[in-house]
Asks: 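Submitted below is the structure of interest, expressed as C-alpha cells.
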Amino acid sequence: MRHAEFRHHRLVQVYDAECRWGPDDDFFQAVVDETPAARVLDLGCGTGRLTVALAAAGHTVTGVDPAGASLAAARAKPGGERVTWIEGTSALLPERAFDVAVLTSHVAQFFVDDAEWAGTLADLRRALVPSGRLVFDARDPADRRWELWNPVDSQRRISLPDDGEVRAWTDVTGVRDAVIDFTHHYHFADGERLVSSASLRFRTEAELRDSLTTADFVVDRVYGGWRHEPVGHGDGEFVVIARAGRLAPVL
C-alpha cells in the first residue's frame, strides 16, 4: 500500500513507536517558542508528536494531515484535545490565520512534483500573516542518504508498547533524477507482513530557495543540522527558516 505507514492502523502504531522525540523536535519547538502564544500550523502532522507538545507549551495549534489513521492516533494522545485536527491538505487552510507554520519529518519532500510543491507554498503563504514564519526540513541530496536504504544498512527492530517487536527494513526501488522511490518492509511476530511504498524529492538548496522566493517568502536561514551547523557540516539536512512577504491583500 502506498503511504501505508501513515494510513494502515497497524503500521501507524509502528511509526509512532519508531519515531520518538528527537533533536529535530527540539529545534522546531524552540523556533516556535520564539513567538509567544503563537497560532501554529503543523502541516503533515502525522501522529501529532510535536503538534501536541506545541499545544502543551501554550500555543494555539492546528494539525493538518490527509491520513485519517494517523490523525486518529494523534487525537488519542494525552493533550490531543487541545489541538484542532483537520483531515485534508493545505488547500483547506484559512487565509492569514497562522503566525508560524511547520513541516517536520521531511514532509516537504513528499511533494514530488514541482507544481504540487509550488501550490503548497502558495497555500502556506496565504495562510500565514505577513512576516509569519515557515519552518521545515528536507534532506540534502549531497548527503545521498538513500544509499543507506537497503536491506542491510536499514535493518532494524522496533519495540511496540504491547511488548511486541517488528522487524523492518527499507529498500530503494527506483532512482529517477531527484526522485527516490522506496519501500518499507515490516514483519510482525504473529507472521503478518506489510509494506509501505513512497517517493521523495531531493531538492537542492538553490531549488528550495528559488521556490520560496517565487512564493513570496524571504529565506532567513538554512542550516545543515539541528544544532545550527552550516549546510554540509551537520546532519545531512536543510533546515529552513523563512518568512512570508507582504503581498497586497486580495480584494
Side-chain angles (χ1 to χ4, degrees), residues 6 19-35 40-46 49-51 54 64-65 90 98 100-125 127-128 131-149 153-154 170 172 175-182 198-245:
F6 310 120
C19 299
R20 304 289 189 178
W21 188 276
D24 52 337
D25 299 294
D26 289 330
F27 181 95
F28 283 111
Q29 172 117 40
V31 172
V32 172
D33 284 348
E34 291 172 4
T35 304
V40 184
L41 165 67
D42 187 354
L43 180 62
C45 62
R49 180 183 66 244
L50 177 64
T51 328
L54 292 174
V64 178
D65 200 287
S90 61
F98 303 102
V100 186
V102 299
L103 288 76
T104 69
S105 300
H106 310 109
V107 164
Q109 292 185 256
F110 283 93
F111 301 103
V112 172
D113 182 76
D114 282 337
E116 184 183 22
W117 175 234
T120 301
L121 289 177
D123 291 340
L124 288 165
R125 172 63 189 82
L128 284 166
S131 297
R133 291 197 292 175
L134 170 63
V135 192
F136 67 91
D137 57 355
R139 295 181 182 89
D140 182 350
D143 187 61
R144 302 184 68 83
R145 185 66 56 87
W146 63 86
E147 293 181 349
L148 297 176
W149 300 347
D153 293 317
S154 68
T170 304
V172 170
V175 179
R176 43 194 172 93
D177 298 325
V179 178
I180 307 298
D181 305 312
F182 59 94
S199 302
L200 295 178
R201 174 73 178 273
F202 283 73
R203 293 179 173 88
T204 65
E205 181 182 356
E207 288 172 325
L208 290 173
R209 286 180 176 273
D210 287 347
S211 65
L212 288 162
T213 299
T214 299
D216 189 44
F217 284 95
V218 178
V219 178
D220 287 336
R221 296 282 188 278
V222 179
Y223 296 113
W226 305 113
R227 291 164 293 280
H228 303 87
E229 302 97 329
V231 169
H233 298 277
D235 303 305
E237 301 279 351
F238 295 136
V239 186
V240 182
I241 303 177
R243 53 189 167 83

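One-based numbering along the sequence shown. Just so it is clear, the structure is predicted and the values come from calculations on it, not from any experiment. Heavy atoms only: backbone and side chains are in, while hydrogens, waters and symmetry mates are out.
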Asks: Starting at CG of L128, measure out to CG of L41 and round the result to the nearest 0.5 Å.
Replies: 7.5 Å
Asks: How about L121 and L134: do any of their side-chain heavy atoms sit closer than 4.5 Å?
Replies: yes
Asks: When you compare the side chain of T204 with that of P141, does any pair of heavy atoms fall below 4.5 Å?
Replies: yes
Asks: Which heavy atom of R203 sits nearest a heavy atom of F111, and at what distance?
Replies: NH2-O, 2.9 Å
Asks: When you measure from the side chain of D25 to the backbone of G22, do you find a donor-acceptor pair of N or O atoms at a distance under 3.5 Å?
Replies: yes
Asks: Looking at R227 and D235, is there a salt bridge between them, counting it only when a charged N and a carboxylate O are closer than 4.0 Å?
Replies: yes
Asks: Are any side-chain N or O atoms of D65 and backbone N or O atoms of G46, one a donor and one an acceptor, separated by less than 3.5 Å?
Replies: yes
Asks: What are the two closest non-hydrogen atoms of S211 and L208, and how far apart are they?
Replies: OG-O, 2.8 Å
Asks: If every non-hydrogen atom of T51 is compared with every non-hydrogen atom of C45, which pair is closest and at what distance?
Replies: OG1-CB, 3.5 Å
Asks: For the atom pair CG (L50) and CZ (F28), what is the distance rounded to the nearest 0.5 Å?
Replies: 7.5 Å
Asks: Are any of the side-chain heavy atoms of D137 and F27 separated by less than 4.5 Å?
Replies: no
Asks: Check whether any side-chain heavy atom of V107 sits under 4.5 Å from a side-chain heavy atom of F136, and report yes or no.
Replies: no
Asks: Could you check whether any side-chain heavy atom of W21 comes within less than 4.5 Å of a side-chain heavy atom of Q29, counting everything from C-beta outward?
Replies: yes
Asks: Do the non-hydrogen side-chain atoms of F98 and L124 ever get within less than 4.5 Å of each other?
Replies: no
Asks: Give the intermediate values and the outcome of side-chain contact (heavy atoms from CB on, under 4.5 Å) for residues H106 and E237.
Replies: CA-CA 9 Å; H106 310 109; E237 301 279 351; 2.9 Å; yes
Asks: Taking C-beta and beyond as the side chain, do L200 and W146 meet within less than 4.5 Å on heavy atoms?
Replies: no
Asks: Tell me whether R125 contacts the main-chain N or O of L212 through its side chain, where contact means a donor paired with an acceptor under 3.5 Å.
Replies: no
Asks: Measure across V31 and R133 and return the closest heavy-atom pair with its distance rounded to 0.1 Å.
Replies: O-NH2, 2.8 Å
Asks: I need the R201 CZ to R176 CZ distance, nearest 0.5 Å.
Replies: 10.0 Å
Asks: Let me confirm one number: the CG-CD distance from D210 to E205, rounded to the nearest 0.5 Å.
Replies: 10.5 Å
Asks: Got I180 and Q109 here, is their nearest side-chain heavy-atom distance under 4.5 Å?
Replies: no
Asks: Could you grab the distance from atom CG of L43 to atom CG of D123, nearest 0.5 Å is fine?
Replies: 8.5 Å
Asks: Drop me the distance from S199's OG to F110's CZ, to the nearest 0.5 angstrom.
Replies: 9.0 Å
Asks: Under the 3.5 angstrom rule, does the side chain of R139 hit a backbone N or O of R145 as a donor-acceptor pair?
Replies: no
